[in-house]
Amino acid sequence: MARMMNSKLDIGVLDQSPIRCDGTAAEALHESVRLAKLAEELGYTRYWVAEHHNAQALACTSPEILLGQIAARTSTIRVGSGGVMLSNYSALKVAEQFRVLDALHPGRVELGIGRAAGTNPATAKALAHPRPVNDADRFPEMVSDLLRLLHGESCEKGALAGIRSQPGPCPSKVPEVWLLGATDFSGELAARLGLPFAFADFFGNTPVSGPEVARSYRQRFQPSSYHSTPRIRVALQVLCAPSEAEARFLASSRNLNTARRFIELGDGLRSPDEAVRYPLPDKARKYVDQVASTFIDGDPRQVRDRIIEVADRYQTCEILVVTNCYDFEHRRRSYELVAEACGLRASPGPNAGVTSTAGTP
């Protein structure tokens, strides 16, 4: 049972733009824009979009383009990347993309960056072609370069020496940079650079290690010009429906999709009617059951209590909700039910929501 409450939860959305097996990527992207507009109306504080490549059930290949479309069609909700996979690009290109976004939507843009390629090794090579794949060991250097360029500073040596990002003079406030990760590597780097850290609990394989990574990040945090205190945000896989039975039925589409590493499923998410009957080999079934057991699926009260419980374990007030299912209307309804259960309708804005026993982030 979730503990009751002395500090407010800040709840946002992390969107992977899921594609139905009988739908199109264009439909998925337009649905993301529609969902962002709804999230703003419901009182969610931010809307982040992910980056994945060569993923047969996800349309989110270009977060900077999608979040630009979302920002143009909303007015108050913060928008950001969850995240840009920095190892695929140059720090200068990413800095200038987000400087442009910030110029168009000042004060609303956040830049979440990750170390992974957001895909498999073969696709990572294709993304870099004809250049060599970026060395992941140089990721800390790339982050430091990005921070300097984003803040209008020139790098001291190497290919970026003397280069300043554009367009124009650097504004007094630039997009806030978050490091994303599901291991201690990104947490340690975020602590060393004095950056906020977002943990990907929604992957489903870190229910024990995640809170420990968060604790380690806080203990190692070194104040910087970017942040004087540590700040944690955690992304959770959530599906809410009027009943627990319906939530678990709808979640079967998402759960089956996690088995792609074991079997060929073709394009898109399968319908729940098909997913619950799909014949999985034992190894895949065991994996799906293990991962799905960490997801938050249930009725509004169950979902609210589990969100508060996880916030308590991570000792944070900042949550991102990831909801993937076959039918867009069920996805939309899930976000509506979460907003209502957590009080977002009553108090929209950055401090909206329920409260938890978690400490100040």
Side-chain angles (χ1 to χ4, degrees), residues 13-35 49-63 65-66 69 82-83 85 88 114 116-129 182 200 202-205 235-239 241 245-297 321-335:
V13 175
L14 174 58
D15 183 8
Q16 295 178 303
S17 303
I19 308 171
R20 292 179 292 279
C21 63
D22 53 356
T24 66
E27 289 173 341
L29 293 169
H30 283 291
E31 287 168 357
S32 288
V33 176
R34 290 169 57 194
L35 189 61
V49 294
E51 177 181 341
H52 294 277
H53 300 280
N54 198 23
Q56 295 169 304
L58 304 174
C60 50
T61 57
S62 185
I65 293 178
L66 180 55
Q69 293 293 310
M85 300 295 103
N88 293 334
T119 187
N120 56 49
T123 307
K125 290 181 180 179
L127 284 166
H129 182 78
F202 72 97
F203 289 165
N205 53 10
L236 309 175
Q237 193 79 241
V238 176
L239 203 156
E246 183 180 359
R248 293 191 179 280
F249 174 69
L250 298 177
S252 63
S253 301
R254 175 206 64 205
N255 295 348
L256 176 62
N257 195 57
T258 67
R260 286 183 180 274
R261 64 174 60 189
F262 300 100
I263 58 174
E264 176 57 51
L265 283 171
D267 293 341
L269 293 177
R270 303 297 183 96
S271 73
D273 288 312
E274 183 179 359
V276 295
R277 299 194 304 267
Y278 199 92
L280 284 175
D282 289 344
K283 186 176 182 180
R285 172 61 62 191
K286 182 178 180 181
Y287 175 80
V288 170
D289 290 346
Q290 176 184 344
V291 170
S293 68
T294 71
F295 297 157
I296 301 177
D297 304 323
V321 171
V322 185
T323 299
N324 291 338
C325 61
Y326 173 79
D327 189 277
F328 177 70
E329 290 307 315
H330 291 144
R331 190 163 165 243
R332 173 190 175 100
R333 183 185 64 179
S334 178
Y335 280 107

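- For the residue pair Q56 and I19, the shortest heavy atom distance occurs at O-CD1, 4.4 Å.
- Judged purely by atom type and a 3.5 angstrom limit, Q16 has no side-chain atom pairing as donor or acceptor with the backbone of L58.
- Open room surrounds CD on Q290; 12 or fewer heavy atoms of other groups in view lie less than 6.0 Å from it.
- Distance check: S62 OG to H52 NE2 gives 13.5 Å after rounding to the nearest 0.5 Å.
- Rounding to the nearest 0.5 Å places CG of D273 at 4.0 Å from CZ of F249.
- Distance alone, capped at 3.5 Å, is enough to place a donor-acceptor pair between the Y335 side chain and the V321 backbone.
- In this structure, a donor-acceptor pair under 3.5 Å is absent between the side chains of Y326 and N257.
- Here L280 contributes atom CG and Y287 contributes atom OH; the two are 12.5 Å apart, rounded to the nearest 0.5 Å.
- Under a 4.0 Å N-O distance rule, the pair R333/D327 does not qualify as a salt bridge.
- Nearest heavy-atom pair, A275 versus S252, reported as atom, atom and distance to 0.1 Å: CB-O, 3.5 Å.
- Atom OH of Y278 sits about 12.0 Å away from atom OG of S271, to the nearest 0.5 Å.
- The closest side-chain heavy-atom distance from L35 to F328 is below 4.5 Å.
- Within the 4.5 Å cutoff, side-chain heavy atoms of R254 are placed close to those of D297.
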Exercise for review: Before giving the answer on side-chain contact (heavy atoms from CB on, under 4.5 Å), spell out for H53 and N88 the whole-Å C-alpha distance, their side-chain angles and the decisive distance to 0.1 Å.
Suggested key: CA-CA 11 Å; H53 300 280; N88 293 334; 4.0 Å; yes
Exercise for review: For K283 and K286, run side-chain contact (heavy atoms from CB on, under 4.5 Å): C-alpha distance rounded to whole Å, both residues' side-chain angles, the deciding distance at 0.1 Å, then the answer.
Suggested key: CA-CA 5 Å; K283 186 176 182 180; K286 182 178 180 181; 5.9 Å; no
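- Put simply, the side chain of N324 reaches to within 4.5 Å of the side chain of Q237, judged on heavy atoms.
- With a 4.5 Å cut-off on side-chain heavy atoms, S17 and V49 do not count as touching.
- Closest of all the heavy-atom pairs between L269 and C325 is CD1-O, 3.6 Å.
- Listed here is the closest heavy atom pair of P18 and A28: O-CB, 3.3 Å.
- Of all non-hydrogen atoms in P272 and S253, the two that sit nearest each other are N-OG, 3.1 Å.
- Under the 3.5 Å distance criterion, the side-chain polar atoms of E27 are left unmatched by any main-chain donor or acceptor of L29.
- Sparse packing is recorded around NE2 of H30, with 12 or fewer heavy atoms of other residues, nucleotides or ligands lying under 6.0 Å away.
- In this structure, L239 CG and L250 CG are separated by 6.0 Å, a value rounded to the nearest 0.5 Å.
- Closest approach of T323 and S334 over heavy atoms only: CG2-OG, 3.8 Å.
- In this structure, CG in D15 is found 7.0 Å from CG in L66, a value given to the nearest 0.5 Å.
- Looking only at distances, a side-chain donor or acceptor of R270 sits under 3.5 Å from a matching main-chain atom of L265.
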